[in-house]
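To start, the structure itself, in structure tokens.
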Amino acid sequence: MAQKPSIPKGTRDFSPSEVQKRTYIFDIVKKHFQTFGFQPIETPSFENSETLMGKYGDEGDRLIFKILNSGDFLNKVDDATYTTKNASLLTPKISEKALRYDLTVPFARYVVMHQNDIDFPFKRYQIQPVWRADRPQKGRFREFYQCDADVVGSQSLLQEVELVQLYDVVFTSLGLTGSTIKLNNRKVLAGIAEVIGAGDRLVDFTVALDKLDKIGEEKVKQEMMAKGISEAAIEKASPLFSLSGSNAEQLRALQHMLSASETGTKGVEELSFIVKSIEALGLQSARLAIDVTLARGLNYYTGAIFEVSAPEGVRMGSIGGGGRYDDLTGIFGLKDVSGVGISFGLDRIYLVMEELGLFPEAIDRSLEVLCINFGETEAMAALKLVTSLRAAGIKADLYPSAAKMQKQMKYANNRNVPFVILLGEKELADGSCVLKNMANGDQKMIKLSKADVIVQEITSA
RNA sequence: GUGGUUGUAGCUCAGCUGGUUAGAGCGCUAGAUUGUGGUUCUAGAGGUCGCCGGUUCGAAACCGGUCUUCCACCCCA
């Protein structure tokens, strides 16, 4: 007896209607990337391990899927290394390649390798799957698509402004109105840490601060304390916990608080520029909100930080994020190339849209008309008709065998086909066919010579 | 990586403190209906109870392991 097949945890199969819906999202996103002047690139599914390892922190290294070397790979390991059973020592000896963990690091590698062929500023977009050996949860998979748009080679803050616009346009097009684009700046965070005297604890400070909306003020303070941040420093930072009001009000408060910090002041200026520009330009449906508690990975961001949260009432983590990184290509030896990018969490966007019922109803209409098969001679005539309908761009098909009519009709019904054509002995005799509207049951007799009338009926429905 | 949770028919799930041949709804197949689907009625097919091992006269149920699902943490899209 064959074993029941299965797929690895955290991976998914996509059925026809799911693929259709995903394609719908992809197409909208791509369309807007292109209207903003971004160009597509693709990179390999797997990279050399050195390219990826150490770029995402220890946690990241653990989550990278390593690919075992081919051949008799254990033979090449010396006994000493082998017997230590130390994964971090042994892994580099038996694995030289790893699956892509995100699109940003491979992109940095790409820019460095192709720097002579690229005209800067380079605006590229990339939509490809990435893999993480994470433990799956809702909206969290081990294989998922990332969808990034980055600009490298320009320090202008106008790029940040445009990326906010891009988020707005894409989410509006998808019908995901009412999403909030949260904005922060790494320099502001650094400034705060500096002013309160916890400059050396920047990462611990921001990681804790990032959890404010989730675990509350008290627990954040506890966590900061546990990480060794002094009580006095936490006391100085406490105005942050109750920072509220409009973007302008928050900016004023930050400006005041950070006046002693050069970095912090610079950060506030950058935030102000983006906020004012967006106010002047206007957004279609999204809201831009300053959120000083927004931290994100922190690993390579140096300026603006973005994060998009799903519309109110949907339980889902962020559906997009990004930021400014001043020295991403530096790790591969190319200095002074500033970049800024955003990412769309397509799998999560899909889940949110499904939950809110935002996909167009006709999206999985894979067939617009089905011809019933009445037998050899009728089928020939039907196929001729189907051919001309297809030439006119109609998704048409002929049932392949002269099965019972009930069966054929049921098939049409299950496939959600809006029209059925009946071309049997009677119709063939006077050169016509019957076009049946499956939604209301109406039937029309139409001459076979007038295929354009049939096309008209189908497309206008 | 830590703690918890889930797994029974194609799908959604019942199945009592262990006790005959494991059930329902939906779906599927066939018929009522020899040129008409979505409604109705009738009949039928379909399950080594996730997998491996253990306890027991007897396990879907109890125990151990493993895989999977979902959740919280870590981290993140």
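Convention: sequence-line order gives letters A, B, ...; per-chain numbering from 1. Please read all numbers here as calculations on a predicted model, not as lab measurements.
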Donor/acceptor link under 3.5 angstrom from A/R135 side chain onto base of B/G3: yes

Look for any protein N or O under 3.5 Å of an N or O in nucleotides 25-27 of chain B and output each such pair with its distance, or none.
none

Check the angle between the aromatic planes of A/F306 and A/Y167 and answer parallel, tilted or perpendicular using the 30° and 60° thresholds. perpendicular

Could you tell me if A/R132 sits above the aromatic ring of A/Y101, with its cationic atom closer than 6.0 Å to the ring centre and no more than 45 degrees from the axis? yes

A/F141 near the nucleic acid: base, sugar-phosphate alone, or nothing, with a heavy-atom cut-off under 4.0 Å? base

Checking contacts here: which listed nucleotide (B/C75, B/C70, B/A77) is nearest the side-chain heavy atoms of A/P136? B/C70

Considering only side-chain heavy atoms of A/L422, which listed nucleotide, B/C70, B/G35, B/G37, is closest? B/G35

Side-chain contact check for A/K407: nearest option of B/C73, B/U36, B/U29 is B/U29

Is it possible for you to check whether A/R124 lies under 6.0 Å from the centre of the six-membered ring of A/F107, through NZ or CZ, and within 45° of that ring's axis? yes

Among B/U29, B/U36, B/A77, which nucleotide has an atom closest to any side-chain atom of A/Q146? B/A77

What is the nucleic acid contact for A/A402, judged by heavy atoms within less than 4.0 Å: base, sugar-phosphate only, or nothing? nothing

Quick check: any donor-acceptor pair below 3.5 Å linking the side-chain of A/N413 to the base of B/G38? no

Given atom CD of A/E427 and atom P of B/G35, what is their separation to the nearest angstrom? 12 Å

A/F344 and its ring-ring contact (aromatic ring centres under 6.0 Å, His included) partner, picked from A/F144, A/Y145, A/F171: A/F171

Just compare B/G37, B/A77, B/C74 and give me whichever is closest to any side-chain atom of A/K211. B/C74

Atom OH of A/Y56 and atom C1' of B/G1: how far apart are they, to the nearest Å? 20 Å

Cationic tip of A/R12 within the cone over A/F141's six-membered ring, i.e. under 6.0 Å and within 45° of the normal? yes

Taking atom types as modelled, find out whether A/Y125 and A/D150 have a side-chain donor-acceptor pair closer than 3.5 angstrom. no

Could you work out the separation of B/U48 and B/G44 based on their C1' atoms and round it to a whole Å? 23 Å

Aromatic stack A/F144/B/A77: centroid gap under 5.5 Å, interplanar angle under 30°: yes

Whole-Å distance between B/A77 P and A/I127 CD1? 17 Å

Looking only at B/C28, B/A77, B/G31, the nucleotide nearest the A/K404 side chain is B/G31

NZ of A/K227 versus C1' of B/C74: gap in Å, rounded? 10 Å

Can you list the stems that RNA chain B is part of, where a stem is at least 3 pairs in a row, each Watson-Crick or G-U, with both distances below 3.5 Å? B:1-4 with B:70-73, B:10-13 with B:23-26, B:28-32 with B:40-44, B:50-54 with B:62-66

Give a yes or no on whether A/Q443 atom CD has more than 12 heavy-atom contacts from other residues, nucleotides or ligands under 6.0 Å away. yes

Closest to the side chain of A/R62, out of B/U36, B/G1, B/A77, is B/G1

Separation of B/A77 P from A/M353 CE (nearest whole Å): 21 Å

If you go through the side-chain atoms of A/K9, does one of them form a donor-acceptor pair with the base of B/U68 closer than 3.5 Å? no

Euclidean distance, atom CD of residue A/E59 to atom C1' of B/C75 [Å, nearest integer]: 5 Å

Taking all atoms of both residues into account, what is the closest heavy-atom pair of A/L183 and A/A304, and its distance? CD1-CB, 4.5 Å

Which parts of residues 11-44 of chain A get close to RNA chain B, meaning a heavy atom less than 4.0 angstrom away? none

Ignoring hydrogens and angles, does a donor from either the side chain of A/Q408 or the base of B/G35 sit under 3.5 Å from an acceptor on the other? no

Separation of A/D58 atom CG from B/C76 atom P, in whole Å? 12 Å

Regarding A/E270 and A/N185, do their side chains bring together a donor and an acceptor under 3.5 Å, going by distance alone? yes

Taken to the nearest whole Å, CZ/A/F374 to C1'/B/U34 is 12 Å

